[in-house]
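In this chain, numbering begins with 1 at the start of the sequence shown. All ligand and atom numbering here is 1-based and tracks the order in the structure.
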Amino acid sequence: MKIGIGNDHSALELKAEIIELLKEKGHEVVDYGTNSPESCDYPVYGEKVGRAVASGEVERGILICGTGLGVSIAANKVKGAYAALLSDIYSAKRARLSNDANIACMGAFTIGNKLREELTDAFLTNEFVPGCSSQPKVDAFREYEAAHQK
Ligand code: RB5
């Protein structure tokens with residue numbers, strides 16, 4: 001799978017670990033930055049990955065900052081980007097199965113190494129089933145988006 005990854009300065013180390021993990025599993029990774037330890041504004045990277053996923057440049061996105069909150073809020077401003085903040089395995093699966101989320105957000109300060117790996121795996125190995133019982137809910141937020149967002 002082609003995966004776009006982005007982060008702020010808080011998550012440089014974590015990004016390197018996740019990229020390694022993704023490549024080991026055979027994924028192609030596009031890095032949207034930042035790659036500098038200088039303090040930066042997380043909305044810039046949330047938007048970049050949001051746009052990359054929404055345009056189809058990459059299939060899924062992974063965004064990380066200190067808590068994962070800022071990048072998820074930023075990515076969700078992009079039409080066609082559906083970012084979910086992950087902190088437990090059940091929700092990571094449901095983000096795909098119930099919500100058809102296309103971006104996983106995680107916190108570098110809040111989640112341990114093993115959990116990050118399992119969250120990433122759960123997010124990438126579960127697929128939304130078109131026509132399932134969650135379809136009307138997903139359609140509803142897409143319809144809202146189509147009507148209200150440019
Ligand atoms: C650090 O700037 C921290 O505020 C940021 O990484 C993030 O946690 C914001 O949501």
List the closest protein heavy-atom neighbour of atom 9 (C) of ligand 1: residue, atom name, distance to the nearest 0.1 Å. Tyr42 CE2, 3.5 Å

Inspect the contact between Arg142 and Glu145 and indicate whether a charged nitrogen and a carboxylate oxygen are less than 4.0 angstrom apart. no

Please check if any side-chain donor atom of Tyr32 sits under 3.5 Å from a side-chain acceptor atom of Arg51, or the reverse. no

Under 3.5 Å, is there a donor-acceptor pair between the Lys137 and Asn99 side chains? no

Of all protein heavy atoms, the one nearest atom 10 (O) of ligand 1 is Gly70 N, 2.9 Å

Would Lys114 and Glu17 pass as an ion pair if we require N to O under 4.0 Å? no

Thr67 contact mode with ligand 1 (heavy-atom cut-off under 4.0 Å): both

Take a 6.0 Å sphere around CD of Glu13 and say whether it holds more than 12 heavy atoms from other residues, nucleotides or ligands. no

Would you say Lys23 has more than 12 foreign heavy atoms packed within less than 6.0 Å of its NZ? no

Could you check atom 5 (C) of ligand 1 against the protein and tell me its nearest heavy-atom contact, residue, atom and distance included? Asp8 OD2, 3.2 Å

What is the closest protein heavy atom to atom 7 (C) of ligand 1, and at what distance does it sit? Cys65 SG, 3.4 Å

Before signing off on this row, confirm whether Gly66 and ligand 1 have an N or O atom pair separated by under 3.5 Å. yes

For ligand 1, indicate whether the residue Ser10 contacts it via side chain, backbone, both or neither (heavy-atom separation under 4.0 Å). side chain

Short version for Phe109: what comes under 4.0 Å of ligand 1, heavy atoms counted, is neither

